Amino acid sequence: MIADIQSQLTELLSRALFSVAPDFGIEVRLARSRQEGHGDFTSNVALQLAKQMKIPPRQLAERVAAEIPVSSLLARVEVAGAGFINLHLEASVLHEVVHEVLTRGERYGAGVRETPNRVLVEFVSANPTGPLHVGHGRGAAYGASLADILEFAGHAVTREYYVNDAGRQMDILALSTWLRYLDLFGLSVHFPPNGYRGDYVFTMARQLREAHGDRYARVDPVSILSGVPPLPPAERGDGEAQALRESHLDALIDNCKYLLADAYRSLHDFVLAEQLGDCRNDLAEFGVHFDVWFSERSLYDLGLVERALAQLERAGHLYSQDGALWFRSTAFGDEKDRVVRRENGQPTYFASDIAYHLNKYERGFDRIVNIWGADHHGYIPRVKGAVTALGLDAHRLDIALVQFAVLYRNGQKASMSTRSGEFVTLRALRDEVGRDAARLFYVLRKSDQHLDFDLDLAKTESSDNPVYYLQYAHARIASILREWQSQYDGEPGELERVDCSCLSDPAELRLLRELMAFPAVVDEAASQYAPHVIAFYLKDLAAEFHRYYTASRILVDVTALREARVALAACVRQTLANGLRLLGVGAPEAM
RNA sequence: CUGCCCGUAGCUCAAUCGGAUAGAGCACCAGCCUUCUAAGCUGGGGGUUACAGGUUCGAUUCCUGUCGGGCAGGCCA
């Protein structure tokens, strides 16, 4: 209905333009006016066409404006500035917004699409080798909001977490846990410097003992080190020393696998299940849920990695060199070719990622959205190149980069403790500032901008804190509605039938305009992949309401006016609630 | 060294495929509660949109260069 208004007006303007300039068909685009006094919608067609039509823009605008058909929607049309055509809506159109918001309720702002796109949103996808940190938190908040926004905008969304359960990192974690576990049985082995050293590894070791007793401890500690190259001195930081430490670690992993034999797989799976379970709980408490947990290992188990490579091979995009197998990604704009199978026969991470993307396409999505940390930006050309090489349309793949978040406490950086090099965990952040503040702060900035996360501000219980500012507006209205029900026997269910034509105060009309914009805001947030657009809109809406509340009493004596104002307030509450839900932030009834 | 991203008020950030007088919040100053939640509101000062060119009716937005910041340049993931 409301979305219709804009398209109806666009149609009116298109017809006017056609009668003035039938030979200059350009698409008419209406924009919401940025400034009060410039009407509700504005068009710059006259400015765009003036030159090629050789008519002064202002004059052209006048001629187009004069041809706009009479409509009950429009109060007036005026030409302003350099040649803008401003459309002013009839107040009755604004009044209808109230009915619209209240009848649609939780669905107000939602898009209806005849043919919804099937969209896959893959996000977080952190290695399950330790707790999520605040960097993952931003990806989680952004991805979850984006997925909700796309869904609300009318698409069919699948939320997916890609589990890197096949790689060396998981082996390192399994080994680390095993060594800590052996420690519990008095079987001490020097812990490798590049193993996982976090407290959670000790915890898992104890859990492993509780669950499986000494099943993995029936080994000779000497055999663990057999054939393992010695470590270089700790103070050596050169490349050769690093390489020695890596091969030391790899040798330990090999021995672990050899000594445990079949039991290694269950150790690996135990560690994986623990970490994934922890991650899932963490995210669930953050209000972030997934439809699919996609296993990297399954790509190997089902032969999909080999199949993808074979497909590239057939298409002539692979070649052998130096004993390795390479993908000719330079043919697709990458700066160098990339190895897909190492000299030792092992496929690279990139190889499984190619298979993963092929699989995404084969599942039939219209759009595929990858949300990555910005440090992966160099990875984009090779993935898009691989997709193209597989004969797929790379334009259906969108990669949204999320920049790092830096925490500040007392004006000082706090995101990384400099001594241990460990990141602050997402869980610690949630414990400190709460879920709502964390979710909102993460999406308050454009995702591809660095984020300064002010912990002190997030914890402030005042209007300085945007979380409270938004929630307070919602709670305030909820309180008014309760008061209205108890003092005036108000029936919320009746509000959608209230006659709102008495709403004529400029502040009321501003609120109605703001409410009317919400569907377009959702649409913009969806098409731009920009949850922050919702956040900024909500701040504007809340501010408009707080202003109105301070200036005008809602529960006045005159029944008709009181009911109209209550209905208006109820619309603001509903719209705030809908927007907050898209951001994963609670909308409290009372504060 | 090369590539990508970013430079907007003192600070943190917006700005609808290039639009009208570049907007908010914080901080600073001055005000508003006997009335539906003051976790709120009103007013004020604050800008050469890093810099220099270019494209055009019009540039924070597009192009080139300079300066400054971030990230990336593995047979790691």
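Protein chains get the first letters and strands the later ones, always in sequence-line order, with residue 1 at the start of each. These numbers come from a predicted model, not from an experiment.
Proximity of the aromatic rings of F123(A) and Y142(A) is defined here by a centroid distance below 6.0 angstrom, and this criterion is not met.
Only the C1' atoms considered, C32(B) is 34 Å distant from A20(B), to the nearest whole Å.
Using a 4.0 Å heavy-atom distance criterion, H376(A) is classed as a base contact. Within 4.0 Å (heavy atoms only), A475(A) reaches at least one base atom of the nucleic acid. Looking at heavy-atom distances under 4.0 Å, A569(A) makes no contact with the nucleic acid at all. A324(A) comes within 4.0 angstrom of a nucleotide base, judged by non-hydrogen atoms across all strands. Nucleic acid contact class of N44(A) (heavy atoms, under 4.0 Å, all strands): base. N344(A) comes within contact range of no nucleotide atom at all, as no heavy-atom separation falls under 4.0 Å. Here R34(A) lies in heavy-atom contact (under 4.0 Å) with a base. When heavy atoms are screened at a 4.0 angstrom cut-off, Y349(A) is found touching base atoms of the nucleic acid.
Relative ring orientation between H546(A) and Y472(A) is described as parallel, the plane-to-plane angle staying below 30° on a 0-90° scale split at 30° and 60°. Ring-plane geometry between F327(A) and F350(A) is classed as tilted, the angle between the planes lying from 30 to 60 degrees on a 0 to 90 degree scale. Relative ring orientation between H376(A) and W372(A) is described as tilted, the plane-to-plane angle lying within the 30° to 60° band.
For RNA chain B, if you chain together Watson-Crick or G-U pairs that step i with j, i+1 with j-1 and so on, the runs of at least three with distances under 3.5 Å are B:1-7 with B:67-73, B:10-13 with B:23-26, B:28-32 with B:40-44, B:50-54 with B:62-66.
Here the P atom of nucleotide A77(B) and the CD1 atom of I354(A) are 13 Å apart, to the nearest Å. Rounded to whole Å, the distance from CZ on R476(A) to C1' on C36(B) is 9 Å. Residue F84(A) contributes atom CZ, which lies 10 Å from atom C1' of C57(B) at whole-angstrom precision.
C28(B) has its base anti relative to the sugar, with a glycosidic angle deviating from 0 by more than 90°.
Looking at R32(A) and E514(A), no side-chain N of the basic residue comes within less than 4.0 Å of a carboxylate O on the acidic one, giving no salt bridge. Under 4.0 Å is where a charged nitrogen must lie from a carboxylate oxygen, and between E122(A) and K360(A) at least one such pair does.
For the pair T460(A) (side chain) and D456(A) (backbone), a donor-acceptor distance under 3.5 Å is present. A donor-acceptor distance shorter than 3.5 angstrom exists from the side chain of T348(A) to the backbone of V339(A), with no hydrogens or angles considered. A donor-acceptor contact shorter than 3.5 Å is absent between the side chain of D322(A) and the backbone of A324(A).
Checking C75(B), A20(B), U37(B) against the side-chain heavy atoms of R342(A) singles out C75(B) as nearest.
Relative to the six-membered ring of F545(A), R476(A) misses at least one condition, a distance below 6.0 Å or an angle of at most 45° to the axis.
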Sequence-aligned protein contact record of nucleotides 1-11 of chain B, with B where the base is within under 4.0 Å of a protein heavy atom and S where only the sugar-phosphate is: --BB-S-----

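The stretch residues 542-563 of chain A touches RNA chain B through H546(A), R547(A), Y549(A), T550(A), S552(A), R553(A), I554(A), L555(A), each having a heavy atom within less than 4.0 Å of the strand.
Taken from CZ in R76(A) to CG in N86(A), the straight-line distance is 9.0 Å, to the nearest 0.5 Å.
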Side chain to side chain contact (heavy atoms under 4.5 Å, CB included) evaluation trace for F441(A) with L457(A): CA-CA 10 Å; F441(A) 273 61; L457(A) 179 60; 4.0 Å; yes

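OP1 or OP2 of G74(B) has at least one side-chain nitrogen or oxygen of K336(A) nearer than 4.0 Å.
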